[in-house]
Engineer: 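Let me begin by handing over the structure; questions about it come next.
Keep in mind that the numbers below use all heavy atoms, side chains included, and drop hydrogens, waters and symmetry copies. All of these numbers come straight from a predicted model, not from anything done at the bench. Naming convention: chains lettered A, B, ... in sequence-line order (proteins, then strands); numbering from 1 in each chain.
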Number of protein chains: 2
Amino acid sequence: MLNQQPSLDLTFQALADPTRRAMVERLTQGSATVSELAQPLPMSLPAVMQHLAVLEASGLVRSRKVGRVRTCQLDIQVLRETERWLNQARLGWDRRMDRLGAFLHAIQLPQRQEDDTDS
Amino acid sequence: MLNQQPSLDLTFQALADPTRRAMVERLTQGSATVSELAQPLPMSLPAVMQHLAVLEASGLVRSRKVGRVRTCQLDIQVLRETERWLNQARLGWDRRMDRLGAFLHAIQLPQRQEDDTDS
DNA sequence: CTGTTGGTTAAGCATGCTCTTTAGTATCGT
DNA sequence: ACGATACTAAAGAGCATGCTTAACCAACAG
């Protein structure tokens, strides 16, 4: 059930870099041109372009070029799918904890009763 | 507000590898020894150890050694924080969409009225 | 047409990642 | 004590990443 998307690799990889996360955070505030994305970042424009390429390869960001200006925007879908994987993983853990709790509860009460009858 | 944790780098990096995600998924089902983690994986034990080291460095997994057996378990906390970053990012986007929707709604009704008065 | 702006390509380099093999070191069962 | 088990440490091959600089191109502005 989990791990159906081969692009989870690309998405997590994309989000593993602080520069790219900063770009994503910027894009949650609305679409931006390449220059606008690059402006606060302490690196050359080509470096930013390469980060952008990684983000686009993962599907997190889409961009269109009009005239000589390329405008980028977030694609929320991939973000959701990634969120979902984490959620599923945590949910599996939670369910296990519930079962474990129920199990402990089920065997510990009888033990208590044994202790009571022993003492 | 976002991006406070330097360990987001390590966490996303850790989750970017399918082998490590498989290990995490296995660990949602309960703790496991190194050999148990390695058993379904198509690689040498040292390779698995290295993946485990990455997972431990990120804080996603903790492990203790008893005798000659090392037992690993998930630390849900880091998973939660990562989930939270994604959630925050998506929430920022959602809020923006809401504002945008409200804005469009606010200016489009007056425009309609203008159209109405013009025609 | 000419210069400037916004972006793109390519090459190169340092570093990091993933896996391997080889060679260990502790335990544990008998 | 001795072999088997479970892991660990070290070193290296080979490819991927994250930058850089140096060109280059296409679209506008005057």
Engineer: From CG of Leu52(B) over to P of dC19(C), roughly how many Å is that when rounded to an integer?
Structural biologist: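 In whole Å, dC19(C) P lies 14 Å from Leu52(B) CG.
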Engineer: In this structure, how many angstroms lie between the C1' atom of dG16(C) and the CG atom of Asp9(B), rounded?
Structural biologist: 14 Å
Engineer: State the CG-CE distance between Leu104(A) and Met97(A), to the nearest 0.5 angstrom.
Structural biologist: 9.0 Å
Engineer: State whether Lys65(A) places a side-chain N or O below 4.0 Å from either non-bridging phosphate oxygen (OP1 or OP2) of dG6(C).
Structural biologist: no
Engineer: Rounded to whole Å, how long is the line connecting atom CG of Leu10(A) with atom C1' of dA16(D)?
Structural biologist: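 After rounding, the reported distance stands at 13 Å.
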Engineer: Once side chain to side chain contact (heavy atoms under 4.5 Å, CB included) is applied, do any residues pair with Arg96(A), and if so which ones, sequence neighbours excluded?
Structural biologist: Arg99(A), Leu100(A)
Engineer: Set out, in order, the CA-CA distance, both residues' side-chain angles and the distance that settles side chain to side chain contact (heavy atoms under 4.5 Å, CB included) for Trp85(A) and Leu15(B), then state yes or no.
Structural biologist: CA-CA 10 Å; Trp85(A) 186 90; Leu15(B) 293 174; 3.9 Å; yes
Engineer: Within this structure, what is the CE-to-P distance between Met23(B) and dT18(C), rounded to whole angstrom?
Structural biologist: 12 Å
Engineer: Would you mind building the protein contact string for nucleotides 18-30 of chain D? One character per nucleotide, 5' to 3', B for base within reach (heavy atoms under 4.0 Å), S for sugar-phosphate only, - for untouched.
Structural biologist: SBBBB----BS--
Engineer: Let me know the distance between CD of Glu36(B) and P of dT5(D), rounded to the nearest Å.
Structural biologist: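 About 16 Å, once rounded to whole Å.
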Engineer: Without placing hydrogens or testing angles, list every side-chain donor-acceptor pair under 3.5 Å for residues 36-47 of chain A, not counting sequence neighbours.
Structural biologist:
{"from": "Glu36(A)", "atom 1": "OE1", "to": "Thr33(A)", "atom 2": "N", "distance (Å)": "2.9"}
{"from": "Ser44(A)", "atom 1": "OG", "to": "Ala47(A)", "atom 2": "N", "distance (Å)": "3.4"}

Engineer: Name the atoms and distances for all side-chain donor-acceptor pairs under 3.5 Å in residues 69-80 of chain B, with sequence neighbours left out.
Structural biologist:
{"from": "Arg70(B)", "atom 1": "NH1", "to": "Ser63(B)", "atom 2": "OG", "distance (Å)": "2.9"}
{"from": "Asp75(B)", "atom 1": "OD1", "to": "Gln77(B)", "atom 2": "N", "distance (Å)": "3.0"}
{"from": "Asp75(B)", "atom 1": "OD2", "to": "Arg62(B)", "atom 2": "NE", "distance (Å)": "3.4"}

Engineer: Identify, with sequence neighbours excluded, every residue that meets side chain to side chain contact (heavy atoms under 4.5 Å, CB included) alongside Glu83(B).
Structural biologist: Leu86(A), Asn87(A), Arg90(A)
